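Proteins get letters first, then strands, A, B, ... in listed order; numbering begins at 1 in each. Because the structure is predicted, anything quoted here is derived from the model rather than measured.
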There are 2 protein chains.
Amino acid sequence: MSEINIRALAKALNLSIGTVSKALKDSYEISAETKERVIALAKALNYNPNPYASSLRRKKSNTIAVVIPEVADSFFSAAIKGIEDVAQLKGYHVLLYLTFEQYEKEKKILQECRNGRVDGILMSVTSETIDTVHISELLTDTDNPIPLVFFDRAMDGINVQRVTTNDFESSFAATQHLIDAGCRNIVYLSVSKNLHINNKRIAGFKQALLQNHLKTEEHNVADCSNDGAYNHQLINKILTSNNRPDGIIAGVEKLIAPVYVVCQQAGIHIPSQIKFISFSNLPYAPILNPSLTTVTQPAFEMGQQAATLLFKAIEKKGSSAMDEHIILPATLVIRNSTGMEGRLD
Amino acid sequence: MSEINIRALAKALNLSIGTVSKALKDSYEISAETKERVIALAKALNYNPNPYASSLRRKKSNTIAVVIPEVADSFFSAAIKGIEDVAQLKGYHVLLYLTFEQYEKEKKILQECRNGRVDGILMSVTSETIDTVHISELLTDTDNPIPLVFFDRAMDGINVQRVTTNDFESSFAATQHLIDAGCRNIVYLSVSKNLHINNKRIAGFKQALLQNHLKTEEHNVADCSNDGAYNHQLINKILTSNNRPDGIIAGVEKLIAPVYVVCQQAGIHIPSQIKFISFSNLPYAPILNPSLTTVTQPAFEMGQQAATLLFKAIEKKGSSAMDEHIILPATLVIRNSTGMEGRLD
DNA sequence: TATATTCACGAAACCGTTTTCGTTACAACG
DNA sequence: CGTTGTAACGAAAACGGTTTCGTGAATATA
C-alpha cells in the first residue's frame with residue numbers, strides 16, 4: 001500500500017479524516033467546493049483507499065469466490081469469462097479456487113470462506129462430493145449466512161439457487177438422435193454417480209431408450225473416473241468387447257479424446273461403425289476427425305446469470321428467494337460423428 | 001463473518017485478546033497449557049480469524065493477482081492450474097483478473113492492485129499493450145514496490161522477472177521442420193506485433209528461412225487480430241491466393257480452427273498440399289483431422305515456476321534479483337499435419 | 001538477601017476506513 | 001429577540017486482529 005492514505009490527504013488539505021472520507025463518497029454533508037478540493041488532490045496524489053480497512057469497517061469485501069473443480073475444461077473456462085464479465089461491471093473482485101475434483105479441498109476452501117473474505121460464492125461441486133453439510137453450514141450460519149449459487153454441477157437436497165441446463169431433456173434428445181441414426185446398443189459414459197447433472201443425464205438417456213423399446217442393461221452405463229489412464233482402459237475394454245456398442249454418449253468433455261484415440265487404435269470407424277456424441281463446449285468439435293456432434297451448454301451465459309443471481313442475493317441480503325432455479329437450454333449440434341455417411345477415408 | 005471473533009474467545013477463556021492471538025500463532029510467550037485451551041476452544045467454536053483485520057495490521061494480504069488476457073486458451077488454463085497448485089500449498093489466495101485483451105482493462109486492474117489488496121502479481125500482457133508505464137509505476141513506487149512476475153507474454157525494456165519459453169529457438173525448429181518437409185513458401189500467422197514473444201517467434205522463423213536460403217518477403221508474415229471474423233477472412237485470402245503457401249505456422253492457438261476450416265472449405269488438403277504447425281497446448285491436437293503438429297509449452301510448469309518466483313520475491317522483499325529470467329524449453333511435437341503422407345481420404 | 005532474568009500474560013496502540021454523533025455558524029422564522 | 005433548522009465539518013468510536021511494551025511472579029544468580 002502506498003504511503004498516502006486518507007490521513008495524509010486530510011493533513012494536506014487541513015481537513016479531518018472523516019470529512020475527506022465523506023467527500024470521496026460524495027456525501028451530502030460536504031460542500032461542493034470541499035469535495036472538489038479533496039477529489040483533485042486525491043487524483044493528483046494517486047490516492048487509492050485501502051480495501052481491507054474498508055472491508056473491515058463495512059463488513060463487506062466486494063469479493064466473490066468461484067469454486068470449481070477444474071479450469072482446463074471449455075465449459076468452465078467459458079463460464080469464468082461470463083462471471084468475470086459481470087463481476088467487473090459490478091466492481092467485484094473474483095477469487096478463484098480450484099478443487100482439482102477433490103472433496104477435501106472443496107471442504108477446506110468453503111471453510112476458509114466463512115470469515116468475511118467473500119460476500120458470496122459461485123460453485124460447481126466436485127465429482128467426489130456426496131454430502132452437503134459443508135455447504136449447508138455456510139447457509140444456515142445463524143449470524144452470517146453467506147449467499148451461494150450453484151452453476152452447472154449443483155447438489156440435490158439443499159435449498160440453494162442454481163443455474164443449470166436442461167440435462168434430462170438434452171440427454172434425451174441426444175439419445176433419440178443416436179437411435180434415429182440407427183443405434184441400438186448405446187453406452188453412456190458417466191462422469192460420477194455423485195453428480196446430480198450426471199444422474200439427470202443418465203435418466204434422460206434411459207428414458208429415451210425406454211420410449212424406443214430398447215432395454216437398459218447393466219453395461220449401458222459405464223462409470224468413468226478422474227483417472228485418465230483408467231478411463232482409457234475402460235473405454236478400450238468397452239469398444240473392443242464382443243458386445244461392442246454402436247453408439248456412445250460421453251457425459252463430459254475429457255472423455256472425448258480417449259474415445260477418438262481408442263477408435264483410431266482399434267480401427268473402429270466413426271460414424272459408420274460407431275456413432276459418438278459428447279456433452280461439450282469444445283470449440284474444436286467442428287474440426288475433429290470426424291467433426292463431433294455435441295450437446296453444447298450456453299456456458300458464458302450461465303456464468304453471467306449465476307453471477308447476476310449471486311449479486312442480487314448479496315444485495316438483498318436475506319429477502320432473496322432461495323429456490324430460484326434458472327434452467328438454460330443446451331443445444332444439440334449435429335455434426336459428422338453421428339452422420340450417416342459411410343467410410344470415406 | 002461469524003459472530004465469534006477473537007474477543008469472544010478471549011472472554012470465554014478469561015484471557016486477554018493479545019494472549020489469545022499469540023496462542024493461536026504459537027508464540028513462545030504463551031504457555032503450552034494456555035495454547036491448548038485456546039486452540040481447543042477455537043476449534044470447538046469454529047473460530048475463523050478475519051483475514052482483512054489481519055491484512056490491515058500486518059500489511060500483508062496473502063493474496064496474489066493473476067492478470068491474463070483470456071482463460072479459454074489451453075496454455076492459460078494449464079498455467080492457472082500450476083499457479084493455483086503452488087498458491088494453495090503456500091496458503092495464498094488467487095485473485096483472477098481477465099483483461100479480455102484490452103489494454104485499458106489491464107491498466108485499470110493494475111492500478112487497483114496498488115492499495116495493498118495483493119502482495120504480488122503474475123501477468124501475461126494484452127496483445128494491445130505497447131508501453132510499460134502502468135507496470136513500471138508498480139515497481140518503482142518509492143514506498144511500496146509490488147513484486148511482479150511475467151509469464152509467457154512478457155514486456156521488453158523493463159526490469160522484471162519472467163518465466164518464458166525459448167520462443168526463438170522453438171520457432172526456428174518449427175520452421176526448419178517445415179522446410180525439411182519440403183515447404184518453400186511458409187507463412188507465419190502472427191498474433192500481434194506488440195507481443196514480445198510473437199516477435200521472438202517471428203525472428204526465429206526468419207532466421208530459419210535465412211539459413212535455408214529462402215527469402216523473407218512481405219507476405220511471409222501475416223498479422224492476425226483479436227477479431228475472429230477478420231482472422232478467418234485473412235486466412236481465407238491467404239490460402240486462396242495465387243501465391244498459396246505450402247506451409248503455415250500459427251503463433252497462437254485460436255488460429256488453429258480457422259486454418260482447418262478454411263482448408264476444409266477450400267478443399268486444400270493438409271498435409272499434402274499445405275503443412276501446418278501451431279504453437280499450442282491443445283490436448284485435442286492428436287485427434288484433429290489430421291492430427292496437428294504443435295510447439296507445446298510446459299504450461300503447468302510455467303505457472304508453477306512463475307508463482308514460485310513470485311513468492312520468493314514477496315518473501316525476500318527487495319533483495320530479489322529482478323533480472324531473474326527462467327526459460328523453459330518448448331517441445332516440437334510432430335504429428336500428421338506436417339507429415340509426408342499423401343492424400344488418403 | 002539483593003539483584004537479574006525468565007516466564008506468562010495484560011494493556012494499549014495501531015492498521016486505514018467508515019459512520020455516528022456532536023458542534024459551530026448562520027439563516028429563517030414567528 | 002429567542003427558537004428552530006440546516007449546512008458543513010470535526011471528534012471519536014468502531015471494525016478485528018497484531019504487536020509492542022509493561023508488569024508481576026517465579027526462578028536463577030551473585
Side-chain angles (χ1 to χ4, degrees), chain A residues 1-39 41-42 45-63 91 112 114-119 143-144, chain B residues 1-39 41-42 45-63 91 112 114-119 143-144:
Chain A
M1 41 235 97
S2 173
E3 76 269 33
I4 56 134
N5 50 23
I6 203 171
R7 187 191 335 266
L9 273 190
K11 189 175 292 181
L13 289 164
N14 208 16
L15 287 172
S16 80
I17 293 176
T19 301
V20 174
S21 175
K22 290 171 194 165
L24 289 171
K25 317 212 87 190
D26 201 30
S27 162
Y28 69 96
E29 294 184 60
I30 308 299
S31 74
E33 186 197 7
T34 303
K35 281 180 189 170
E36 271 182 40
R37 285 179 57 217
V38 172
I39 292 170
L41 186 66
L45 295 186
N46 217 334
Y47 168 67
N48 219 326
N50 184 305
Y52 297 146
S54 174
S55 293
L56 179 58
R57 177 61 229 244
R58 298 187 309 134
K59 290 179 175 297
K60 180 125 181 6
S61 65
N62 279 295
T63 303
E112 284 199 351
R114 305 181 60 184
N115 50 16
R117 191 184 294 275
V118 298
D119 297 336
D143 181 52
N144 173 52
Chain B
M1 38 234 99
S2 174
E3 75 272 31
I4 56 135
N5 50 22
I6 203 171
R7 191 193 330 268
L9 272 189
K11 189 175 292 182
L13 288 164
N14 208 17
L15 288 172
S16 81
I17 292 176
T19 301
V20 173
S21 175
K22 292 170 193 162
L24 289 172
K25 317 212 85 189
D26 201 29
S27 162
Y28 69 97
E29 293 185 60
I30 307 299
S31 73
E33 186 195 8
T34 303
K35 281 179 188 169
E36 271 182 41
R37 284 179 58 216
V38 172
I39 292 169
L41 187 66
L45 295 186
N46 217 334
Y47 169 67
N48 220 328
N50 184 306
Y52 297 146
S54 173
S55 293
L56 179 57
R57 178 61 227 246
R58 296 188 310 136
K59 290 177 176 299
K60 178 123 185 0
S61 64
N62 279 293
T63 303
E112 285 200 350
R114 304 181 60 184
N115 51 16
R117 192 185 293 276
V118 298
D119 297 335
D143 180 51
N144 173 52

Item to complete: Verify side-chain contact (heavy atoms from CB on, under 4.5 Å) between Tyr47(B) and Leu24(B), making sure each step is shown before the conclusion.
Response: CA-CA 11 Å; Tyr47(B) 169 67; Leu24(B) 289 172; 3.5 Å; yes
Discussion item. side-chain contact (heavy atoms from CB on, under 4.5 Å), that's the test. Do Arg117(B) and Thr63(A) meet it? Break it down for me.
Written reply: CA-CA 11 Å; Arg117(B) 192 185 293 276; Thr63(A) 303; 4.2 Å; yes
Item to complete: Begin with the C-alpha distance, continue with both residues' side-chain angles, and end with the deciding distance and a verdict on side-chain contact (heavy atoms from CB on, under 4.5 Å) for Arg114(B) and Asn46(A).
Response: CA-CA 10 Å; Arg114(B) 304 181 60 184; Asn46(A) 217 334; 3.8 Å; yes
Discussion item. For Asn5(A) and Asn50(A): C-alpha separation, side-chain torsions, deciding distance, then whether side-chain contact (heavy atoms from CB on, under 4.5 Å) applies.
Written reply: CA-CA 8 Å; Asn5(A) 50 23; Asn50(A) 184 305; over 6 Å; no
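Rounded to whole Å, the distance from CG on Asn62(B) to P on dT18(D) is 11 Å. Remark: C1' of dT20(C) and NZ of Lys25(A) are 15 Å apart, rounded to the nearest angstrom. Rounded to whole Å, atom C1' of dA14(D) lies 9 Å from atom CG of Leu56(A). Atom pair Arg58(A):CZ and dC15(C):P shows a separation of 21 Å (rounding to whole Å applied). As rounded to whole Å, 14 Å separates atom C1' of dG17(D) from atom CD1 of Ile4(B). Atom pair Tyr52(B):OH and dT18(D):C1' shows a separation of 18 Å (rounding to whole Å applied). In this structure, the CZ atom of Arg37(B) is 14 Å from the P atom of dA8(C), given to the nearest Å. Protein atom CG of Asn50(B) is 16 Å distant from nucleotide atom P of dG16(C), rounded to whole Å.
Checked against dG10(D), dT18(D), dC15(D), the side chain of Lys22(A) finds its nearest nucleotide in dG10(D). The side chain of Ile30(B) lies closest to dC9(C), out of dG16(C), dC9(C), dG16(D). Across dG16(C), dC14(C), dG10(D), the shortest atom-to-atom separation from the side chain of Thr19(A) is found for dG10(D). Considering only side-chain atoms of Glu29(B), the nucleotide from dC21(C), dC9(C), dG16(C) that sits closest is dC9(C). Here the side chain of Pro49(B) is nearest to one of dC9(C), dG17(D), dT20(C), namely dG17(D).
OP1 or OP2 of dC9(D) has at least one side-chain nitrogen or oxygen of Thr34(A) nearer than 4.0 Å. The side chain of Tyr47(A) places an N or O atom within less than 4.0 Å of a non-bridging phosphate oxygen (OP1 or OP2) of dT17(C). In this model, the phosphate group of dG16(C) is not approached by any side-chain N or O of Ser21(A) to a distance below 4.0 Å at OP1 or OP2. Residue Ser31(A) places at least one side-chain N or O closer than 4.0 Å to OP1 or OP2 of dC9(D). Distances shown here put a side-chain N or O of Asn5(A) below 4.0 Å from the OP1 or OP2 atom of dG16(C). Using a 4.0 Å cut-off, no side-chain N or O of Ser16(A) falls inside it from OP1 or OP2 of dC9(D).
Atom CD of Glu36(B) sits in a sparse spot, with 12 or fewer heavy atoms from other residues, nucleotides or ligands closer than 6.0 Å.
Residue Arg57(A) places no side-chain atom within donor-acceptor reach of the base of dT17(C), judged by atom type and a 3.5 Å distance cut-off alone.
Toward the 5′ end of DNA chain D lies the nearest nucleotide of Ala32(A), the other residue of the pair Ile17(B) and Ala32(A) mapping further downstream.
Contact annotation: the side chain of Lys35(B) approaches that of Asp26(B) to within less than 4.5 Å [non-hydrogen atoms, C-beta and beyond].
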